[in-house]
Q: 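Below is one structure. I have some questions about it.
Atoms within each ligand, like the ligands themselves, are counted from 1 in listed order.
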Amino acid sequence: MASRAKNLVLFSLSCFLPWLCTTTYSQTATIGQGQQLKHYQQLVSNSGMFKLGFKSVHHNNSYLGIWYYGDDDNLLWVANRDTPISGTSGILEIDDHGNLIIVNEPADPFVLYSVEEPSNTNATLEDSGNFVLHELSSDGSIKQVLWQSFDHPTDTLLPGMKLGINSKTGLNWSLTSWRSDMSPASGSFTLGLDPRDTSQLVIWWRGETYWKSGSFLQGSSLVALVNGSYNFGFISNENETYFNYTVKKAVTIFPRLKLNPEGELVSSRADSVALEVSCTKNLSVGCLKQNIPACRSLGNKVFQHHTGFMSNTGFKFSQSDNLSRIDCQAECLHDCSCVAYASKNDDGTGCEIWSTGISFTESITRDDRSDVRRDIFILEPRENKWWIWLIIVLGGLMVVPPLCSICYVIWKWSKRRGDGKMNQRMLLNEIGGGAMPSTSNENGLSRKKDGHDNQLDVFSFESIAASTNYFSVGNKLGEGGFGPVYKGKLLDGREIAVKRLSSHSGQGLLEFKNEAILIAKLQHTNLVRLLGFCIQGEEKILIYEYMPNKSLDFFIFDSDRKYRLNWKKRFNIIEGITQGLLYLHKYSRLKVIHRDLKAGNILLDDEMNPKISDFGMARIFGLNESEANTKRVVGTYGYMSPEYAFRGIVSIKTDVFSFGVLLLEIVSGKKNNCCYHSDRPLNLIGYAWQLWNEGRGLVLIDPILDESCNRNEALRCIHVGLLCVQDRAIDRPTMPDVVSMLSNETVQLPAPKQPAFFIYAAEEEPDIADVKSNKCSINYVSVSVMEAR
Ligand SMILES: *[C@@H]1O[C@H](CO)[C@@H](O)[C@H](O)[C@H]1NC(C)=O
Ligand SMILES: *[C@@H]1O[C@H](CO)[C@@H](O)[C@H](O)[C@H]1NC(C)=O
Ligand SMILES: *[C@@H]1O[C@H](CO)[C@@H](O)[C@H](O)[C@H]1NC(C)=O
Ligand SMILES: *[C@@H]1O[C@H](CO)[C@@H](O)[C@H](O)[C@H]1NC(C)=O
Ligand SMILES: *[C@@H]1O[C@H](CO)[C@@H](O)[C@H](O)[C@H]1NC(C)=O
Ligand SMILES: *[C@@H]1O[C@H](CO)[C@@H](O)[C@H](O)[C@H]1NC(C)=O
Ligand SMILES: *[C@@H]1O[C@H](CO)[C@@H](O)[C@H](O)[C@H]1NC(C)=O
Ligand SMILES: *[C@@H]1O[C@H](CO)[C@@H](O)[C@H](O)[C@H]1NC(C)=O
């Protein structure tokens, strides 16, 4: 017990050191000379649109990259694609001479730019997504650009980047695909300007021309493919010849043009593929014919994708051949005895091919096999579709039409969202209880109706990112125990509060979704309403109604704003909280224990009616034992009952304790975590108890409350408050008791015993002696998670 107390105090202490508290949230776009960016740190462009940092892509291989804030899975630029850094040893640094390097001990550093002579330099991640190394003059102003990431594209072209050649500097701007989705190493396809006819783009496959756009001067095939969403530019002057583009605003949120490992040029829109050049899937405009050897007569055969095992090892190509999957397919096609191929390595690179005489086992995991099943492509007759059509026709005749229309919508959806997102969509789709999802509306959300007529919206990540200005610092409302909260504005003008859950919730997609739906069913005037949610990759986001009047702590503890809460309003707030909590504990089907009830979690609407927020978070974070020991204590110092803070025991009485503290705070207008006695370090509970015993309870009432204050009501609140903060959980009333105690003046209240208040006994804990003198500046700090409200 003593050691737990020590931890609590140490944690609070760490927040005395302001830089420890602030570094977590500070964002910078620039690193200066002699500064380092460690593997766990990131640069964020000023607008909050882009991030730069280290990412590990496969196993231990980590890369310095740039990505859109909120779209963490898609690296737009990779600095060291062919020189991965192992594990977490990478550090980006501008050394004392001004060189931009990636330190990778004990290996040699990876040099991004090396200056000719020592100079003063700065590197900034700009709002365009360009990472620029500037040389600074002695007064600190920018002298010239030494190096920029836009001059060294990887596989992605962002608006503002150029694709072409600069004859003055000799720079060639071209895209080279990744080798596979899991390996950023230089792949087999390159996109650039055709040196023989510089008015067109070309995709090369290992040096051979694979696709041509056609001249931009005479209506290229690319232009025909795009139609509307993009503006393509083609500029040629004495110094440079290049292609560039811009995206019409609101068409796409994370714009990019990417050459993928299969040699396809793709660009995704908010919810669909806007542009695709694919000579792999089919021969779109501009594709050149691939020659197939004469011995190979494919007939009706194509490579079909299977997962499983081969009976024996095939021919493995050497590592230095640097093969991607499409290369492997070509190798197989050119060997007329080849019937199957697969990637050799688990990151999708390398090549292994098989000739006739092998057998394939479908993906049943066999006990005697230690290897994981593989993606294998086998040459087989094209799937004969006639029987499928027969089933469809028969099915169409027999099955009721609604089923078909559901299938159709799902099919259309999955087609639009791509395979990865399909599962998510299907999942989300289920929750409507079979209800048909409508197509996305202008906010990029689809609307679900559950059986109880309360609507829960499923928002797309892009729409949420756009509504919060890409989670910009300016839109941040606060930082709760479970993640930051942003203010957002949807396209239809609705204001929302967006809670971006921190990633360590340990919850799967399905569980999160189920919890969100359960929480959406908790509806009460004194609970903040959940409007919807968003799941995308690691991102889990809850969308709430927006409360214009912030939270209770914003008013009650502020020397000016507290005047706006007279006794009538305060009592109304107390009643509202009581009702909300009663509903959570008793009447809701879920029996929710809040665990982090505090003034900062009581939001106020425009008429100062209270609404409890953050309820159900404990469930979302998988802490849903009703009375049990929890490993992770989540709560706020000062509001936590002793059995919860010291032993992790949770029950509805945990909330009753916090409610008691809240009651005393509302009546007195003082924070619990402060000292209210000149000789002894007494917190508000201790102070209230002392005054109560001396029969001077009225002294506790906030002095600004004028004559209108109903002294009896206020005294009753203090009395109930003291009962709620009793040391032993069993001595505290339940919420139904509290309701009758507060509303019924004739109910005789039991006399409170000594409540649980922490006087830090200096003899027990030497460390704590230091804390005492500073106790008034202890801020509200959530244990295990910081609280910045
Ligand atoms: C250079 O970087 C330092 C440190 O980040 C910063 O204080 C300074 O403003 C930067 N100078 C310019 C011109 O960006
Ligand atoms: C990852 O790298 C670290 C340090 O470089 C090494 O100790 C560890 O064994 C590596 N792990 C794997 C799975 O390769
Ligand atoms: C750029 O491309 C031109 C024409 O294709 C070629 O002659 C030149 O060597 C290339 N320069 C670099 C630096 O790759
Ligand atoms: C572009 O789209 C419009 C309608 O959206 C269509 O009428 C037009 O034919 C399209 N143009 C091309 C070149 O595909
Ligand atoms: C070409 O480069 C020269 C010298 O670098 C510069 O003076 C000139 O303005 C450039 N021309 C254009 C059209 O950018
Ligand atoms: C291409 O770049 C030029 C020069 O920076 C710029 O003026 C033009 O607007 C760009 N075009 C497009 C379509 O982005
Ligand atoms: C090629 O494939 C793309 C995507 O799969 C499709 O949109 C397009 O219509 C196809 N084109 C042809 C000519 O089959
Ligand atoms: C790729 O090929 C080059 C030579 O063509 C070789 O130096 C390099 O080691 C190869 N890379 C890998 C990962 O095999």
Side-chain angles (χ1 to χ4, degrees), residues 45-47 49-50 66 68 74 76-77 113 115-116 119 124-137 141-175 190-195 197-203 211-259 265-270 273-277 285-286 466 470:
S45 70
N46 282 328
S47 69
M49 183 100 153
F50 292 93
I66 293 176
Y68 277 115
N74 292 301
L76 306 168
W77 177 77
Y113 185 81
V115 291
E116 275 157 23
S119 29
T124 305
L125 179 61
E126 299 188 334
D127 284 338
S128 57
N130 194 5
F131 186 46
V132 187
L133 182 71
H134 288 118
E135 182 178 353
L136 306 177
S137 14
S141 64
I142 290 169
K143 198 156 140 199
Q144 59 168 328
V145 170
L146 294 175
W147 174 95
Q148 53 186 333
S149 65
F150 272 16
D151 280 343
H152 306 273
T154 308
D155 66 338
T156 304
L157 197 70
L158 294 173
M161 282 171 91
K162 298 171 180 174
L163 209 55
I165 45 188
N166 184 328
S167 47
K168 276 269 152 64
T169 58
L171 276 171
N172 281 3
W173 299 293
S174 63
L175 305 181
T190 303
L191 169 72
L193 274 195
D194 187 349
D197 169 9
T198 51
S199 72
Q200 72 173 342
L201 292 175
V202 175
I203 295 177
W211 172 84
K212 280 187 180 176
S213 70
S215 171
F216 279 101
L217 307 175
Q218 308 143 10
S220 105
S221 53
L222 198 58
V223 175
L225 281 167
V226 180
N227 197 7
S229 322
Y230 296 75
N231 291 322
F232 287 136
F234 178 72
I235 282 110
S236 183
N237 61 36
E238 74 230 36
N239 298 339
E240 25 179 43
T241 305
Y242 63 86
F243 160 92
N244 65 354
Y245 75 103
T246 47
V247 175
K248 288 191 180 151
K249 227 178 149 60
V251 167
T252 175
I253 302 241
F254 296 137
R256 73 185 131 227
L257 216 54
K258 171 174 163 176
L259 183 66
L265 186 59
V266 288
S267 162
S268 44
R269 227 189 258 196
V273 171
L275 161 75
E276 181 175 58
V277 168
V285 195
Y470 303 98

Q: Counting non-hydrogen protein atoms only, what is the nearest one to atom 5 (O) of ligand 6? Give residue, atom name and distance.
A: Y242 OH, 3.6 Å
Q: Tell me, with the steps shown, if F150 and S128 meet side chain to side chain contact (heavy atoms under 4.5 Å, CB included).
A: CA-CA 10 Å; F150 272 16; S128 57; 4.0 Å; yes
Q: Give the atom numbers and elements of ligand 5 that come within less than 4.0 Å of a heavy atom of N237.
A: 13 (C)
Q: At what distance is the nearest protein heavy atom to atom 1 (C) of ligand 6, and which residue and atom is it?
A: N244 ND2, 1.5 Å
Q: Is any heavy atom of the protein nearer than 4.0 Å to atom 7 (O) of ligand 5?
A: no
Q: Hey, is E238 touching ligand 5 through its side chain, its backbone, both or neither, going by heavy atoms under 4.0 Å?
A: side chain
Q: Take atom CD of Q144 as the centre, draw a 6.0 Å sphere, and report whether it contains more than 12 heavy atoms from other residues, nucleotides or ligands.
A: yes
Q: Between Y470 and Y68 (side chain of the first, backbone of the second, donor and acceptor by atom type, cut-off under 3.5 Å), is there such a pair?
A: no
Q: What residue and atom, counting heavy atoms only, is the protein's closest point to atom 2 (O) of ligand 5, and at what distance?
A: N239 ND2, 2.3 Å
Q: Just by modelled atom types, is the N46 backbone N or O under 3.5 Å from a matching donor or acceptor in the D127 side chain?
A: yes
Q: Is there at least one protein heavy-atom neighbour under 4.0 Å from atom 14 (O) of ligand 5?
A: yes
Q: Starting from atom 4 (C) of ligand 5, which protein heavy atom do you reach first, and at what distance in Å?
A: K168 NZ, 4.4 Å
Q: Using a 4.0 Å cut-off to any heavy atom of I235, which atoms of ligand 6 qualify?
A: 1 (C), 2 (O), 3 (C)
Q: Classify the ring geometry of W77 against F131: parallel below 30°, tilted from 30° to 60°, perpendicular beyond 60°.
A: tilted
Q: Look at the side chain of Y242 and the backbone N and O of M161, then say whether any donor-acceptor pair between them is shorter than 3.5 Å.
A: no
Q: Evaluate side chain to side chain contact (heavy atoms under 4.5 Å, CB included) for I235 paired with T241, printing each intermediate quantity in order.
A: CA-CA 6 Å; I235 282 110; T241 305; over 6 Å; no
